[in-house]
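One structure is given here, and the rest of the page talks about it.
Lettering follows sequence order; numbering is per chain, from 1. Only this structure's heavy atoms are used, side chains among them; waters, hydrogens and symmetry mates stay out.
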There are 2 protein chains.
Amino acid sequence: MDIATLRKTHPEHWMKAAALRVLAMDAVQAANSGHPGMPMGMADVATVLFEKHLKFDASAPDWADRDRFVLSAGHGSMLLYGLLHLTGYADMTIEEIRNFRQWGAKTAGHPEYGHAKGIETTTGPLGQGLATAVGMAMAEESLRARFGGKVVDHYTYVIAGDGCLMEGISQEAIGLAGMQKLSKLIVLWDNNDISIDGRISLSDLTDQRARFAASGWKVLHCDGHDPADIDRALTEAKSSDRPVLIDCKTHIGFGSPGKQDTKGAHGSPLGPEEIAKVREIYGWTAPAFEIPPEIKAQWEAIGSRGAAARAEWEARLAGLSAARQAEFGRVTAGEAPKKLTATIRALKKQAAEAQPKVATRKSSEMVLEVVNPAMPETIGGSADLTGSNNTLTADLGIFGPENRKGRYIHYGIREHGMAAAMNGMALHGGVRPYGGTFMCFTDYARGAMRLAALMGAPSVFVMTHDSIGLGEDGPTHQPVEHLAICRATPNTQTFRPADTVETAEAWEIALTTHDRPSVMVLSRQNLPTVRVKHTAKNLTAQGAYVLAEATGKRQAILIATGSEVEIALKAREILEEAGIGTRVVSMPSMELFAAQDAAYRKKVLPAGPVRVAIEAAGRLGWDRWLLGERGREAKAAFIGMEGFGASAPAPVLYEKFGITPEATVAKVRELLG
Amino acid sequence: MDIATLRKTHPEHWMKAAALRVLAMDAVQAANSGHPGMPMGMADVATVLFEKHLKFDASAPDWADRDRFVLSAGHGSMLLYGLLHLTGYADMTIEEIRNFRQWGAKTAGHPEYGHAKGIETTTGPLGQGLATAVGMAMAEESLRARFGGKVVDHYTYVIAGDGCLMEGISQEAIGLAGMQKLSKLIVLWDNNDISIDGRISLSDLTDQRARFAASGWKVLHCDGHDPADIDRALTEAKSSDRPVLIDCKTHIGFGSPGKQDTKGAHGSPLGPEEIAKVREIYGWTAPAFEIPPEIKAQWEAIGSRGAAARAEWEARLAGLSAARQAEFGRVTAGEAPKKLTATIRALKKQAAEAQPKVATRKSSEMVLEVVNPAMPETIGGSADLTGSNNTLTADLGIFGPENRKGRYIHYGIREHGMAAAMNGMALHGGVRPYGGTFMCFTDYARGAMRLAALMGAPSVFVMTHDSIGLGEDGPTHQPVEHLAICRATPNTQTFRPADTVETAEAWEIALTTHDRPSVMVLSRQNLPTVRVKHTAKNLTAQGAYVLAEATGKRQAILIATGSEVEIALKAREILEEAGIGTRVVSMPSMELFAAQDAAYRKKVLPAGPVRVAIEAAGRLGWDRWLLGERGREAKAAFIGMEGFGASAPAPVLYEKFGITPEATVAKVRELLG
């Protein structure tokens with residue numbers, strides 16, 4: 001539909017949509033950077049969605065049963081900010097819009113989760129929003145199965161662009177959603193045929209409708225500038241028994257005489273002259289950042305449209321038993337059950353006594369076997385490595401179209417899609433996602449793991465086969481740099497536990513953390529129990545601690561993580577027998593140790609003794625602990641990997657790469673001179 | 001086709017294929033680890049491919065015009081090793097097969113490029129082989145356009161499994177190949193309906209045929225156990241005008257009475273009893289690792305089948321002019337043209353004189369503007385950020401179905417697919433790929449960037465917008481941990497040049513490197529020329545060097561990279577004025593500096609002065625240079641990022657995050673006490 005027809009046939013709609021368009025155009029111009037074309041193109045779709053379909057109440061943005069709206073094409077952030085401002089979200093003031101892309105504003109260049117209510121997830125890296133939304137829709141299904149359709153019954157809407165659909169992660173999301181028959185997931189494709197480099201035909205000829213249909217989606221289409229057609233498609237989508245793609249044919253930079261349908265509308269301000277022309281074409285006379293009161297009132301009516309439904313929902317919630325209400329409140333608040341600590345502590349005690357010699361991936365399974373029954377909100381899964389990641393425990397049941405009460409997801413060979421879906425579940429709330437793959441394939445999941453950190457989503461990534469210790473599969477499967485990658489990522493908790501006790505402690509921390517993801521880095525090979533003396537206290541929470549003290553004069557400190565703690569302990573035995581007092585420090589989490597106060601760090605790593613760190617990984621990141629923090633120095637060495645691994649049985653690899661007690665002893669002797 | 005029918009109707013084929021199956025079964029059993037099911041399932045397809053279609057000569061595995069064969073489902077490595085051994089590749093002896101997955105063997109758990117001839121690329125991380133093969137097919141098209149179909153005319157065959165097709169990277173590869181109409185790319189899908197967790201229907205219901213067709217592929221199918229049907233499909237595929245998917249319906253673990261068609265056949269030895277039963281079903285009586293001579297002879301005849309074609313090809317090559325032959329030899333050997341150094345040197349001189357104040361992404365474009373005409377084998381591209389990455393230079397032309405002489409690829413929004421395709425081009429040889437995206441999106445390309453390092457493929461990744469210096473796009477687009485990620489990755493050269501001169505030097509190194517990828521980390525924002533005195537010598541090759549010396553007593557050393565070198569120089573000015581002698585060290589490549597001898601490192605970073613490093617990124621990796629290497633100590637500090645970035649204009653961000661000359665000066669004063 002062209003503008004003239006649209007203005008004539010839908011004058012009220014037109015002005016509401018124009019408000020979104022003008023805000024985007026003006027904010028981008030004021031910031032002198034940003035993306036006006038997408039909001040201008042999708043304003044009609046967004047207006048119809050918010051006006052007629054989206055279940056929300058701007059005065060209660062945390063309403064648990066609200067529909068989720070995800071702007072996967074995050075560069076069009078001004079569309080979202082405009083919607084939130086116009087519908088009356090309290091924290092999205094016109095001042096925030098004026099300060100688009102400025103320091104301290106809630107209106108970042110791309111939508112940032114946590115900056116303002118109504119931003120359901122951080123988007124910008126393309127495809128992430130779509131894949132995250134799949135997790136939100138799965139969380140909704142799971143919670144509905146658990147708490148009933150009276151308190152959980154909402155849709156997840158996504159606006160995705162051509163870029164989202166070209167990214168590989170989109171295929172993982174589409175495949176997963178299709179198989180799971182997520183009928184309450186509705187994706188609105190901004191089909192404007194333009195990307196940054198120019199027309200889509202420069203780089204793609206994919207028939208997206210056929211592609212989605214091939215993965216079991218229902219496919220609809222509409223004229224993205226015809227409100228009635230958009231409404232029809234949305235109405236039809238809501239009654240689907242499968243996820244729905246709505247192909248919305250739109251014009252990027254709609255109404256810009258010089259830039260509509262060109263890449264020029266995508267990522268730069270239109271310029272004052274062009275904006276003046278657009279205003280005239282739109283029939284918009286108000287100055288920048290001023291919304292005529294009658295238009296604002298219409299939008300605010302949309303914003304409060306859901307208030308009655310919310311009140312009814314609250315009444316329905318109140319109709320549940322007190323225990324059910326409390327449980328619903330607990331899981332949506334993301335609070336771990338009170339008994340979790342006792343459950344973990346009991347397991348620790350048992351492990352310290354029984355001293356199992358198992359791989360930490362098995363230890364992790366042992367923990368999950370007691371945690372999952374105690375914590376009904378956990379949802380586990382694996383990217384097709386269930387038996388290797390040890391992520392499936394008894395009685396979880398498989399989550400699927402026929403069993404929404406199942407708590408285990410076969411994610412398929414989709415590490416990136418899995419990680420993003422986990423983020424979506426964590427953000428949705430009410431469930432606690434964990435999911436597994438091999439540590440090496442953090443590479444594939446990186447985009448979503450970074451977003452988890454940036455958003456503070458408490459996803460738990462279970463990464464097994466954590467070093468050359470995996471053996472024969474060889475260097476493609478052997479992480480070397482991946483611990484450094486996780487440790488380098490801000491706001492990420494990386495755990496590499498040495499035995500069942502540390503694994504249990506790491507899980508306790510992960511499951512009680514609200515504001516960051518955790519990475520559980522677990523061995524394939526069996527390891528002895530090293531924490532043979534039970535402590536009620538969670539020592540892993542300190543990041544590092546003295547596991548074995550020197551006898552007599554302390555001449556050396558060995559620092560190790562995970563599977564190398566065993567090596568450190570053996571080296572210590574040899575050294576002690578030779579009269580060289582040796583302390584062993586277990587460091588399951590470098591980040592948590594760095595977060596301790598200087599006094600504790602100094603207590604664990606005092607100046608004086610030589611230091612040798614042992615980790616079957618690269619050195620990057622170790623020098624801080626080896627060379628001493630500022631003002632303290634040490635003679636030090638690192639025993640680990642200098643390059644990639646190799647294919648051979650694990651014990652051979654440890655021997656060949658020189659990660660052994662004997663090599664450690666030799667290094668200590670060399671340093672002692 | 002069932003085994004009984006197959007044995008009866010195709011007895012010779014059967015025994016050849018059985019040899020592959022038995023070798024796989026026995027080698028996995030001997031190693032007590034590995035994946036027998038896939039080779040057993042795809043042996044018929046592979047036998048027909050090698051016997052009737054693949055153009056190769058086992059005695060000349062480096063024949064430039066050979067067909068490429070990529071085993072994307074790399075866990076089925078024994079299929080490839082078996083093929084290479086049976087057809088007579090000299091370095092794939094039966095001893096290597098016996099030593100499958102053992103230390104020092106060429107027969108790693110997954111195929112490792114460089115271990116043995118005939119392994120065209122490293123596979124194992126699923127989907128990589130398929131995406132890499134797309135690059136090989138593009139390299140073939142490009143070289144054919146350049147040197148003519150008489151010397152370049154070959155196919156690229158891929159065996160891909162369900163896992164390859166579920167990974168997101170596969171969609172990027174499929175989309176790219178479809179758009180590029182790579183008619184000489186033929187993918188054989190091992191459609192066995194089984195993944196590690198069980199039946200594919202546990203996690204996917206995608207109609208793969210429809211999916212490939214949606215991206216413009218020709219789709220064929222065959223009974224993967226019927227030699228005639230396989231042959232028919234391959235014959236038809238070779239005359240396609242588009243890339244071809246052949247859906248090969250197979251049975252994993254074909255013939256195993258207890259494990260065929262189950263996940264039990266996927267990733268574990270079958271066990272001696274089961275193997276004995278399979279031998280009987282196969283009619284195979286020879287002991288493990290013994291191939292009956294008549295069967296070996298048949299296979300060796302296949303291996304030498306291409307000798308005549310190769311001789312003819314050599315004659316055709318000899319028919320080219322001497323200059324053309326020399327040029328073909330030069331580019332297929334990956335040698336840079338002799339004039340490259342002089343070209344770069346001239347640009348350096350010019351930059352030192354003109355002292356442009358430009359972003360290093362622009363500097364990179366200036367380099368490419370002189371390099372591309374001098375080096376006709378370069379093939380540039382970008383993942384839809386051409387104007388931002390500054391990767392397109394004049395007269396390159398756009399590579400596409402209608403212009404195979406074009407040297408610039410619009411990869412689309414497909415960072416991972418781009419990186420893998422670049423690897424494929426680099427491995428194919430004859431072309432020098434470089435490709436751009438934002439530094440932050442190394443996250444998306446990680447899987448392929450790691451493989452480049454592992455394989456030693458000299459791909460050049462042009463990563464612009466390298467820090468908070470990109471400004472308003474905000475934290476989703478601002479790298480913080482990505483320098484550490486690249487530096488932590490073995491066998492990767494990371495460059496963060498400070499100006500046009502260093503950028504030119506970095507490019508010279510990247511383009512003359514044969515054995516590792518390079519990452520060019522480039523600024524969005526303008527930077528002054530800091531190398532104002534021309535040196536013929538490439539100082540960047542030393543990794544770090546003294547850019548500005550202290551006047552009088554050297555009290556402080558400032559170490560910086562890229563855009564922060566300007567800050568270091570400004571801080572030095574202030575400090576020098578205050579009488580504090582300050583050296584500035586520019587460190588464009590931490591890895592190359594680490595590779596220098598200790599004497600040089602000590603010369604650049606002598607003990608004594610306080611040290612402050614400045615980099616708008618995380619600290620991980622810096623302590624080695626700050627705290628002093630073993631035996632040398634320093635009072636030191638780091639000025640950089642502690643968490644994620646923010647959305648605001650770049651100068652504001654530098655100020656707010658305290659990465660300024662003033663903060664540097666204050667830190668030096670504090671350290672000096």
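- Minimum heavy-atom separation, B/Arg414 to A/Asp204: NH2-OD1, 2.8 Å.
- Annotation: maximal heavy-atom pairing with chain B below 4.5 Å, among A/Leu454, A/Asp207, A/Ile169, occurs at A/Leu454.
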Q: Kindly determine whether A/Tyr411 and B/Met166 satisfy side-chain contact (heavy atoms from CB on, under 4.5 Å), including the steps that lead there.
A: CA-CA 10 Å; A/Tyr411 284 103; B/Met166 252 193 263; over 6 Å; no
Q | Pair A/Glu112-B/Thr476, side-chain contact (heavy atoms from CB on, under 4.5 Å): steps then yes or no | A | CA-CA 8 Å; A/Glu112 299 287 340; B/Thr476 53; 3.7 Å; yes
(Q) Is there a side-chain contact (heavy atoms from CB on, under 4.5 Å) between A/Val480 and B/Arg450? Walk through the geometry before answering. (A) CA-CA 11 Å; A/Val480 170; B/Arg450 182 178 209 249; 4.2 Å; yes
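- Using the six-membered ring where Trp is involved, A/Phe657 and B/Trp103 have ring planes that are perpendicular, over 60° apart on the 30 and 60° scheme.
- With a 4.5 Å cut-off on non-hydrogen atoms, A/Gln478 touches chain B through its backbone but not through its side chain.
- Contacts with chain A were tallied for B/Ala108, B/Ser195, B/Cys440; B/Ser195 has the most, counting heavy-atom pairs under 4.5 Å.
- The side chain to side chain contact (heavy atoms under 4.5 Å, CB included) test with A/Glu167 is passed by exactly one of B/Glu415, B/Gln171, B/His416: B/Glu415.
- Nearest approach of B/Leu205 to A/Gly178, heavy atoms of both residues: CD2-O, 3.7 Å.
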Q.
Working note: B/Gln102 + A/Val652, criterion side-chain contact (heavy atoms from CB on, under 4.5 Å); need CA distance, chi angles, decisive distance, verdict.
A. CA-CA 9 Å; B/Gln102 304 308 307; A/Val652 176; 5.9 Å; no
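- Top candidate by heavy-atom pairs under 4.5 Å with chain B, chosen from A/Gly216, A/Pro649, A/Gly474, is A/Pro649.
- In this structure a side-chain-to-backbone donor-acceptor pair under 3.5 Å is missing from B/Tyr444 to A/Arg446.
- Neither the backbone nor the side chain of A/His75 has a heavy atom closer than 4.5 Å to any heavy atom of chain B.
- Checking side-chain atoms of A/Asp473 against main-chain N and O of B/Gly109 turns up no donor-acceptor pair under 3.5 Å.
- Scanning both residues, A/Glu642 and B/Pro490, for their nearest heavy atoms gives O-CB, 4.4 Å.
- In this structure, the separation between SG on B/Cys486 and CG on A/Leu620 is 11.0 Å, given to the nearest 0.5 Å.
- With a 4.5 Å cut-off on non-hydrogen atoms, A/Thr123 touches chain B through its backbone but not through its side chain.
- Taking the six-membered ring where tryptophan is involved, the planes of A/His477 and B/His110 are essentially parallel, since the angle between them stays under 30° and well short of 60°.
- Among the candidates B/Arg487, B/Gln128, B/Gln208, the residue making the largest number of heavy-atom pairs closer than 4.5 Å to chain A is B/Gln128.
- Neither the backbone nor the side chain of B/Thr442 comes within less than 4.5 Å of any heavy atom in chain A.
- Remark: side-chain polar atoms of B/Glu172 are paired, donor with acceptor, to backbone N or O of A/Gly168 under 3.5 angstrom.
- Salt bridge status for A/Asp623 with B/Arg624: absent, with no side-chain N to carboxylate O gap under 4.0 Å.
- When each of A/Asp384, A/Thr386, A/Ile413 is tested with B/Ile196 by the rule side chain to side chain contact (heavy atoms under 4.5 Å, CB included), just one qualifies, namely A/Asp384.
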